[in-house]
Every structure is written in C-alpha cells, then in structure tokens.
Amino acid sequence: MIRVEDIHKHFGPLHVLRGITFDVPRAEALVIIGPSGSGKSTLLRCINLLVEPDQGKVFIDGVQVNRSDIRPEWARQQVGMVFQSFNLFTHLTVLDNVTLGPIRVKGMDREAAQEKGKQLLARVGLAPKAHAYPAELSGGQQQRVAIARALAMDPKAILFDEPTSALDPEYIREVLDVMAALARDGMTMVVVTHEMGFASNVAERILFIDAGVIVEEGRPEEIFQHPKHERTRAFVGKILR
Amino acid sequence: MATADATVGRQSGPAWFRPASVRRVAEMVAGGAIFIVALEVFLGYNLLDPALWSLFAPAFWAGILRTLTYIGLVLPLSVGLGFTLGWVRVSRFRALAWPVSVYVEFFRGVPPLVIVLFASILGPNLFPERFQSAELGLILGAFAIGLHSAAFQGEIFRAGFQSVPRGQLDAAQAIGMRPLQAMRSVVLPQALRLSLPPLSNEFAVLIKDTSLMAIIAGGDLFHVSQLFLDQSVLTGTGDLHWLFVVWTAVALVYFVMTFTVTRVMRMVERRYHARGLEGISI
C-alpha cells in the first residue's frame with residue numbers, strides 16, 4: 001500500500017533521512033520508534049509530501065507520488081494524517097472540522113458530508129460533541145476528532161505522528177483504543193509512537209530508526225525482547241525501563 | 001465581558017433588532033438630547049441655532065457627502081492593499097517581502113499631511129495632460145491617505161496571519177487542500193478573527209484622517225466648516241459662538257461615522273467568534 005524507496009532528506013547541513021526503504025502492505029499497522037531527532041516525523045511527512053524528499057521514491061497504492069506530474073494534494077487525499085498537537089481547525093465546530101475536507105476538497109454534497117461526519121464522530125465516540133468547538137474539548141477528545149477528520153477523506157492509509165505524546169495520561173487510553181479499533185477494521189497505518197503497549201498489541205511490525213537510517217525491523221516481540229542491535233537494545237531499555 | 005458577548009451571540013434574530021440593541025439606540029438618542037440641552041444651559045450655545053444653520057446647512061450636508069465619498073473611496077482601497085501587503089510579507093515569495101517592508105516603513109514614518117500635499121500637487125504630473133484637473137489632484141490626495149493607512153493595515157494583517165499556528169496549514173494540506181483553499185477556509189478566518197479588533201481601530205483613524213483633505217481644499221466636512229467660519233465669524237458677520245457650535249457638530253458627525261463603522265466591525269467579529277477561545281476576563 002505504501003512503499004518508500006531510498007528516501008533522503010536534508011535540512012540545510014543536517015542530513016535527516018539517509019536512505020530509508022520500507023513497505024507497508026495493505027491492512028498492516030506499522031509502528032516506528034526511535035529517539036527524538038532521529039527523523040521519524042520527517043519520514044512520516046515525506047510519505048504524504050508535507051515534506052518533499054530530496055531523493056528517493058514514495059509509492060502509494062503502486063503509484064509514485066513524488067513526481068512533478070502528480071499534484072501533492074492528490075497524494076495527500078490518499079493518505080490521512082493525525083498530528084501530535086491535533087491541529088483541529090479552531091474556528092470550526094467539531095462537525096465542520098470533519099466535513100471540511102469532503103465538502104471543499106472532494107466536492108461532496110453538504111448534507112451527505114454531515115451525515116457521514118456524524119457517523120464518523122459516533123465511531124470515535126463523540127457524536128454528542130458535534131457542535132462543540134475544539135477549544136471546548138479535552139485533548140483526548142480533540143485527537144479523536146482529528147482521527148475522524150482524517151477518516152472523512154476515505155484514505156487508503158493513515159499516518160499517526162506521536163498521536164498521544166501531547167496528551168494527559170488519563171486521555172491516552174481512549175485515543176489508543178480508537179486506533180486499535182481502526183487497525184482491527186483493516187486500516188493501513190503507520191504510527192510513530194512511544195506507547196509500547198500499543199506497539200506490542202496492535203503493530204504487526206516495528207521499525208527502529210536512529211540517525212536517519214533503519215537500524216532494525218521486526219515483530220514487536222523480537223524488537224522488545226530480543227533486539228539484535230546494540231542501539232536498539234539501549235533505546236528499548238530506556239523506554240521500557 | 002467575553003461571557004456577556006457569548007450570551008448575546010446565542011440570541012436569535014438580526015443583531016440590530018434585539019431588545020438590547022433597541023435599548024442602546026434609545027440610550028444614544030437620549031444622551032444626544034441631554035448633550036444639546038447641557039450645552040445650551042451651561043455654556044449658552046445653541047447647537048440648533050437657526051440663524052447659523054440657515055446659512056451653513058447646504059455646505060454642511062455637501063461636506064458630509066464629500067467626506068463619505070472619500071471614505072467610500074479610500075476604505076476599500078486601503079483594505080485591499082493592506083491585505084495584499086500583509087499577505088505578501090508572510091508569503092513564500094520572499095523576493096517581494098522587502099519592497100513591501102520598504103513601503104510600510106516609508107508610509108508609517110512620513111506624516112500623512114505631507115503625503116497628501118505631495119500627492120495632490122505633484123501626483124497629477126505623472127498623468128498625461130488631458131487627464132489633469134483639480135479633481136485628479138483631489139483623487140490622488142485621497143489615494144495617498146489610503147496608501148498611508150494600507151501600510152498600517154498591512155502590519156495588522158501580517159500579525160493576524162502570523163498568529164495562525166503552522167500546524168493549521170499542515171492539517172489543511174494533509175486533507176488535500178490546495179494552498180489557496182487552505183488560505184480561504186482555514187488560515188484566513190483565523191487570521192481575521194485576530195485582525196479585526198486592531199483593524200476597527202485603524203478604520204476609525206482612517207475615517208478621521210479624511211479630514212486631511214481640507215489642506216488641499218477637498219470640499220470635505222472639515223474643509224467646508226473651516227471655510228464657513230472664515231467667511232462668517234472671522235469677518236464679523238457671524239456670532240462667535242458659532243465657532244464652537246460648528247466644530248461640535250463636525251465632531252459629532254465624525255463620531256457617528258466612526259461609531260457606525262466600529263459597530264459593524266463588532267458584528268463581523270461575532271461572526272468569526274469561536275467558543276472556547278474567548279481568552280481571559282480579569
């Protein structure tokens with residue numbers, strides 16, 4: 001479903017991604033872990049072209065999307081994204097946040113979009129909050145709205161960029177539950193997270209990234225219990241404690 | 001304050017037809033009446049002096065009309081230009097940013113009076129001879145006021161744009177919006193929410209700045225009043241009190257014009273109101 005091939009990215013003198021290649025088959029949940037500054041977020045942003053890779057290829061559903069003859073907007077419609085800081089549109093109600101993309105980008109009829117939006121809000125457990133504004137919600141609720149907003153575009157996959165890192169501990173569970181349910185329903189997901197419980201239970205595969213390269217990849221139990229590389233062992237040791 | 005506004009916002013019906021608004025209008029009428037009576041009683045001015053108004057009324061109304069014309073010309077011009085300047089300063093087109101900053105610094109630093117003078121006297125020379133006329137000088141003078149205000153409005157819009165967090169644009173792009181769509185649906189409404197209060201401020205200043213047209217004999221309210229007083233009071237044919245009565249009337253007219261515009265802006269502000277973002281009330 002998603003394939004990145006030898007991705008490189010520089011920010012000025014900084015060589016953030018140094019040749020990353022991986023595949024995410026349909027309906028797989030892939031978790032990416034790694035220390036801060038290792039390039040995880042940049043890698044995620046390269047997939048939906050919020051960051052343009054300097055070198056390498058990004059494929060979505062078999063189509064190379066980082067080509068001059070393909071609009072990046074098209075690529076972004078195929079792949080949803082959920083951000084660490086939620087980034088809900090503060091001037092719109094919850095329902096309008098969810099329907100904005102379908103109406104403006106897909107040209108969907110307003111009523112149909114609202115009907116669908118309400119269903120999606122029910123799916124993330126927020127039907128009663130449809131007419132609230134983001135600033136009136138808790139962090140966990142905001143992040144669930146953000147997930148509904150991504151789903152509203154009928155994406156082929158969703159990218160999660162540390163979706164629980166900005167949350168108070170008591171709200172982390174509800175967001176992870178929604179994500180786990182999505183994974184069960186067969187959504188293709190790439191998740192950058194430090195939630196080891198989620199990684200072990202939901203992910204089929206884990207990538208450990210450090211200094212812009214994939215150091216190790218494997219099933220959760222391999223990575224957490226029998227890491228092969230010293231750097232993986234050190235990092236896993238720190239986060240599992 | 002914020003809570004009170006939120007309550008008003010939830011009431012139904014158009015803003016000008018609510019009991020609260022009707023009461024406010026009644027208060028203003030009553031206040032105006034008390035003002036007139038107080039002037040009469042304490043200072044001996046008659047704001048409605050028939051002898052004065054029989055002479056001055058035609059010029060007064062013509063002056064108001066002319067001032068409104070200038071405002072109608074300059075306000076949209078300055079908003080359009082100011083918005084463009086503000087956008088350019090935050091846009092990806094870095095090459096345009098510094099000419100804009102030169103523009104802003106120039107017009108912020110030079111007295112508008114000087115700009116108006118120069119624009120009306122020297123400006124027409126830039127046009128072919130057949131277009132040159134007294135009216136052209138006036139139009140250019142008015143434009144100059146707009147250019148001056150646009151510099152300030154540009155900074156207001158720039159601040160508005162810059163106060164929208166980067167993540168908002170990321171999120172808009174992540175659902176597949178093109179840059180212009182993201183601008184229209186996501187960035188602009190939020191930038192405006194924060195630009196509107198300082199913008200009403202600038203509008204009030206701009207409205208009163210149209211009185212600078214008097215220096216180039218613009219025929220505006222300020223100019224006709226000055227002219228009238230020169231020809232009546234200062235030549236001895238008019239009562240000395242007229243001086244105060246006329247300027248009081250002029251001040252009232254400017255007040256009503258700025259008040260109307262700032263009230264309209266308040267209504268627009270309500271439209272962009274987002275619950276939960278009221279900020280603090282101390």
Which portion of [X] sits near chain B, non-hydrogen atoms under 4.5 angstrom:
X       : answer
A:Leu88 : backbone
A:Phe83 : side chain
A:Val82 : neither

Heavy-atom proximity to chain A below 4.5 Å, by part of [X]:
X        : value
B:Arg184 : side chain
B:Arg178 : both
B:Gln181 : side chain

Q | Intermediate values then yes/no, side-chain contact (heavy atoms from CB on, under 4.5 Å), B:Met177 and A:Arg104 | A | CA-CA 8 Å; B:Met177 289 191 147; A:Arg104 294 264 178 244; 3.7 Å; yes

(Q) Any side-chain to backbone donor/acceptor pair from A:Asn87 onto B:Gly167? Under 3.5 Å, distance only. (A) yes

Q.
Between B:Gln173 and A:Leu50 (side chain of the first, backbone of the second, donor and acceptor by atom type, cut-off under 3.5 Å), is there such a pair?
A.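 No, the answer is negative, given that no donor and acceptor are paired below the 3.5 Å cut-off.
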
Is there side-chain contact between [X] and [Y], with at least one heavy-atom pair below 4.5 Å?
X        : Y        : result
A:Phe89  : B:Ile175 : yes
A:Arg45  : B:Asp170 : yes
B:Val186 : A:Leu100 : yes
A:Thr90  : B:Gln168 : yes
A:His91  : B:Arg193 : no

May I ask you to check whether over 12 heavy atoms, not counting those of [X], lie within 6.0 Å of atom [atom1]?
X        : atom1 : result
A:Arg26  : CZ    : no
A:Lys9   : NZ    : yes
A:Lys57  : NZ    : no
A:Glu170 : CD    : yes
A:Gln64  : CD    : yes

Q. Do you know the tightest heavy-atom contact between A:Glu73 and B:Pro179?
A. OE2-CD, 3.5 Å

Q: Over all heavy atoms of both residues, which pair between A:Arg149 and B:Ala171 is shortest? Give the atoms and the distance, please.
A: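 Scanning both residues, the minimum pair turns out to be NH2-CB, 3.5 Å.
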
